[in-house]
Amino acid sequence: MSPADSPNASPDAVKRSRYTLRQLHLLRQGSTATPLRAIAHIDLDAFYAQCEMVRLGTDRDTPLAVRQWDSLIAVNYAARPYGITRMVTTAEARKLCPNIVLQHVATFREGEGGRWAYRDDSFKNIRTDKVSLDPYRAESRKILKTMKDELERWSADSVDEEVISLTQGLSASLEKASIDEVFIDMSPLIYRVLLQKYPELRQKSQDDNRDADLPPPPTTAIPWHTGDSLIELDKHEREEDDPDWDDVVMQIAAEIVRSVRTAVWNQLHYTCSAGVARNKMLAKLGSACNKPNAQTIVRNRAIQFFLNGYKFTQIRMLGGKLGEQITSDFGTEQVSELLSIPYEQLRAKLDDHTANWLYGVIRGEDRSEVNPRTQIKSMLSAKSFRPSINSVEQAEKWLHIFAADIYGRLVEDGVLENRRRPRVITLHHRVAQSRSRQIPIPGSSKIDEDLLFDLAKNLLRQVVAEGQAWPCSNLSLSVSSFEDGVSKNKAIEGFLSSRQRKKRRIDDGGIKRFFTHSPFPDDSNSAPAGNESPPPADQDSSNTPLGDFEPTLLQNTCDRCSKVIPEYEREEHDDWHFAKDLELQDRQEAMSAQQQSQQQTPPK
DNA sequence: AGTATGATT
DNA sequence: GGAATCATACT
């Protein structure tokens with residue numbers, strides 16, 4: 001921070017980049033290994049509260065909190081200056097801010113047809129009502145779709161023919177981390193923008209050493225948006241130094257994230273906060289730095305400074321018992337103090353895997369992937385009993401509501417269209433400690449409310465038969481082990497066996513990587529676009545585990561699309577066609593299934 | 001198959 | 001801090 005003690009920005013500062021062509025090209029695949037990668041974590045601000053603000057149409061400055069019985073589960077930012085937090089009761093909240101809006105969550109009610117509703121007396125009915133988070137799930141889906149669409153726009157919009165041919169089909173991947181959080185891997189998108197903006201990066205690799213340094217970026221200053229919060233650089237780094245490609249990458253990433261946030265605001269009126277960094281861990285910490293409605297950028301050269309200010313117990317996975325143990329083992333919670341502990345000493349106290357992970361994570365390393373998953377893996381419906389319940393009759397009433405709840409959500413998820421169905425159903429039950437029983441859901445039967453209820457009753461009988469079933473303080477029903485619709489599954493299995501588990505390339509889940517989003521039309525809308533093209537024949541070998549070995553002489557012509565394909569691209573190209581065929585077939589099936597299932601429009 | 005842990009509003 | 005979710009790892 002003191003320009004005085006830097007008399008002369010060293011004249012030969014950055015003549016070359018610190019990064020290589022190989023590291024640049026790794027961006028295309030969402031590889032976890034390149035320091036140039038760009039990950040965002042986006043987090044909706046006080047999500048449940050915002051949902052109610054949108055639903056009720058209240059102003060942004062109106063204090064509002066979401067109520068569950070007599071406690072608050074979300075507090076909007078207008079209410080926070082009054083000292084209202086989630087740990088406050090509704091009575092205290094009213095005292096602190098007399099005109100606050102306290103909106104109770106929607107509930108199911110026994111005997112009212114398994115449908116949730118907003119009821120003005122639900123807070124009095126903790127004994128008969130069960131919370132429903134459905135309205136928030138629905139909003140979450142809308143927001144996710146808006147984000148996806150905006151990212152699609154980025155992958156579609158490019159003018160340069162050469163860049164199109166080099167980067168066709170590259171898109172960002174999006175992981176739904178919870179009801180109000182996503183991770184986005186923007187690396188492939190940024191690769192495309194880089195080639196577009198900097199033609200000097202479009203080299204053919206054949207005549208180049210892929211481990212040679214890149215030329216430096218032709219800029220001396222990064223055009224940061226005024227709304228971006230930049231984390232201060234590490235001690236030995238200076239803002240006056242010329243930027244390198246990682247800085248350029250971060251700025252483009254910030255621009256993409258800004259546009260996603262703007263789209264969510266413009267189309268749905270939700271604000272969110274984002275962190276942008278090299279990996280998930282840093283992005284996640286970053287998104288919490290400036291709330292609400294702001295974005296924080298953790299540049300590579302700022303990582304150490306950034307982490308030094310933290311207690312490691314704030315890092316993902318260290319917030320619980322593991323964090324406590326490490327704290328007591330080494331007598332500190334500070335990242336900065338843990339940094340001075342040599343690896344061997346970590347190994348002495350922790351198991352191999354943990355020590356290794358910890359050593360890296362406090363130095364800003366995290367190679368976890370952004371898992372392109374938007375669908376959930378299990379569904380749970382639960383209730384805690386204030387006065388415990390004491391009979392099978394009471395328990396079965398709740399099982400009825402659980403079954404209705406889960407069934408409704410399964411319908412949203414596509415059971416009727418045979419898209420996905422759960423294979424296992426589980427009952428959790430707590431007296432002093434919690435126990436659970438699970439059984440398979442018969443694959444032959446049609447899943448409906450009654451079936452779920454019957455299976456649940458069955459499980460309850462098992463639990464009760466084991467004794468000590470009462471008084472019960474907590475009961476829950478869940479379904480899990482989802483499988484995809486039969487047609488899709490069979491086809492993919494066929495694909496895998498035909499390949500005889502041949503070494504798959506790079507990362508990932510075989511054919512599924514071609515489905516960046518659901519091939520099925522979403523609830524309300526829109527004709528799926530059929531304008532994709534096969535992956536380009538690429539002169540670059542970073543796709544293959546063979547690295548620099550480039551059999552450039554072997555070329556074939558694809559009999560499906562008449563494109564010229566190098567031999568080493570052949571397999572991937574065939575896979576692409578296979579995925580496309582599958583997608584088309586699925587779409588047709590889904591369409592006809594939808595036409596058959598009649599217009600029982602669910603209540604909004 | 002069943003349990004425990006961790007994280008989020 | 002409690003309630004309701006979700007995910008994953010361990011045994």
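Note that the structure is predicted; figures quoted are calculated from it, not measured. The sequence lines fix the lettering, A, B, ..., with proteins before strands; numbering per chain opens at 1.
- Atom-to-atom, NZ of Lys176(A) to C1' of dT9(B) comes out at 14 Å; the value is rounded to the nearest Å.
- Residues passing the ring-ring contact (aromatic ring centres under 6.0 Å, His included) test with Phe482(A), sequence neighbours excluded: none.
- The residues Arg419(A) and Asp413(A) are annotated as not salt-bridged, no charged nitrogen and carboxylate oxygen being separated by less than 4.0 angstrom.
- Between the CG atom of Asn474(A) and the P atom of dG2(C) there is a distance of 13 Å, given to the nearest Å.
- Lys280(A) forms a cation-pi arrangement with Phe183(A), by the criterion of a distance under 6.0 Å to the ring centre and an angle within 45° of the ring axis.
- For residues 61-88 of chain A, the pairs satisfying ring pair (Phe, Tyr, Trp, His ring centres under 6.0 Å) are Trp69(A)-His104(A), with sequence neighbours left out.
- Going from atom CZ of Phe123(A) over to atom P of dG2(C) covers 22 Å, rounded to whole Å.
- Lys145(A) has a carboxylate O that lies under 4.0 Å from a charged side-chain N of Asp149(A), or vice versa, which qualifies the two as a salt bridge.
- With distances taken from any side-chain atom of Ile376(A) to the nucleotides dT5(C), dG6(B), dA7(C), the minimum falls on dA7(C).
- Around the CZ atom of Arg127(A), the shell of radius 6.0 Å holds no more than 12 heavy atoms that belong to other residues, nucleotides or ligands.
- Heavy-atom contacts from other residues, nucleotides or ligands closer than 6.0 Å to CZ of Arg137(A) number more than 12.
- Taking atom CG of Asp413(A) as the reference point, atom C1' of dC6(C) lies 14 Å away to the nearest angstrom.
- Between Phe306(A) and Tyr310(A), the two ring planes are perpendicular [angle over 60°; tilted spans 30° to 60°].
- Within 6.0 Å of NZ in Lys457(A) there are more than 12 heavy atoms belonging to other residues, nucleotides or ligands.
- Distance Glu181(A) CD to dG6(B) P: 17 Å, rounded to the nearest Å.
- With sequence neighbours excluded, the residues forming a ring-ring contact (aromatic ring centres under 6.0 Å, His included) with Tyr48(A) are Tyr136(A), listed by chain and number.
- The 12-atom threshold is exceeded at CD of Glu396(A), counting heavy atoms of other residues, nucleotides or ligands nearer than 6.0 Å.
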Please list, one pair per line, the donor and acceptor atoms closer than 3.5 Å that link side chains of residues 425-434 of chain A to other protein atoms, with sequence neighbours excluded.
from: Thr426(A); atom 1: OG1; to: Gln438(A); atom 2: NE2; distance (Å): 3.3
from: His429(A); atom 1: NE2; to: Ala469(A); atom 2: O; distance (Å): 3.0

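- For Asp129(A), the salt bridge (Lys or Arg N to Asp or Glu O under 4.0 Å) test picks out Arg109(A), with sequence neighbours left out.
- Each of Leu410(A), Val479(A), Leu416(A) was scored for a side-chain contact (heavy atoms from CB on, under 4.5 Å) with Ile447(A), with one residue passing: Leu410(A).
- An OP1 or OP2 oxygen of dT5(C) is reached within less than 4.0 angstrom by no side-chain nitrogen or oxygen of Ser478(A).
- Going from atom CG of Asp405(A) over to atom P of dA3(C) covers 18 Å, rounded to whole Å.
- Summarising the geometry, the separation between CG on Leu427(A) and P on dA1(B) is reported as 15 Å, rounded to the nearest angstrom.
- By the 4.0 Å N-to-carboxylate-O rule, Arg55(A) lies close enough to Glu52(A) to be salt-bridged with it.
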Where do N or O atoms of nucleotides 8-11 of chain C meet protein N or O atoms at under 3.5 Å, pair by pair?
from: dT8(C); atom 1: OP2; to: Lys377(A); atom 2: NZ; distance (Å): 3.0

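- Here dG2(B) presents its P atom at 18 Å from CZ of Arg430(A), a figure rounded to the nearest Å.
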Distances under 3.5 Å between protein N/O atoms and the N/O atoms of nucleotides 3-5 of chain B, please, pair by pair.
from: dT3(B); atom 1: OP2; to: Ser436(A); atom 2: N; distance (Å): 2.6
from: dT3(B); atom 1: OP2; to: Ser436(A); atom 2: OG; distance (Å): 3.0
from: dT5(B); atom 1: OP1; to: Lys321(A); atom 2: NZ; distance (Å): 3.2

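- Using a 4.0 Å cut-off on heavy atoms, the residues of residues 63-73 of chain A that approach DNA chain C are Gln68(A), Ser71(A), Leu72(A), Ile73(A), listed by number.
- Using a 4.0 Å cut-off on heavy atoms, the residues of residues 37-53 of chain A that approach DNA chain B are Asp43(A), Phe47(A), Tyr48(A), listed by number.
- The shortest side-chain heavy-atom distance between Gln103(A) and Leu56(A) falls under the 4.5 Å cut-off.
- If you check every strand for non-hydrogen atoms under 4.0 Å, Asp180(A) touches sugar and phosphate atoms only.
- The stretch residues 78-89 of chain A comes close to DNA chain C through Arg86(A), Met87(A), each having a heavy atom under 4.0 Å from the strand.
- Here CD1 of Ile362(A) is found 4.5 Å from CG of Leu339(A). Values are rounded to the nearest 0.5 Å.
- Of the residues in residues 263-281 of chain A, none has a non-hydrogen atom less than 4.0 angstrom from any atom of DNA chain C.
- Geometrically, Arg60(A) engages Trp265(A) in a cation-pi contact, judged by NZ or CZ lying under 6.0 Å from the ring centre and within 45° of the ring axis.
- DNA chain B is contacted by no residue of residues 379-402 of chain A, taking any non-hydrogen atom closer than 4.0 Å.
- Using a cutoff of 4.0 Å between basic side-chain nitrogens and carboxylate oxygens, Glu110(A) and Lys397(A) are not scored as salt-bridged.
- One finds no salt bridge joining Asp366(A) and Arg278(A) here, because no Lys/Arg side-chain nitrogen approaches an Asp/Glu carboxylate oxygen to under 4.0 Å.
- In this structure, Arg363(A) is positioned above the aromatic face of Tyr359(A), its NZ or CZ under 6.0 Å from the six-membered ring centre and within 45° of the axis.
- Within 4.0 Å of Arg409(A), counting heavy atoms only, lie sugar-phosphate atoms of the nucleic acid but no base atom.
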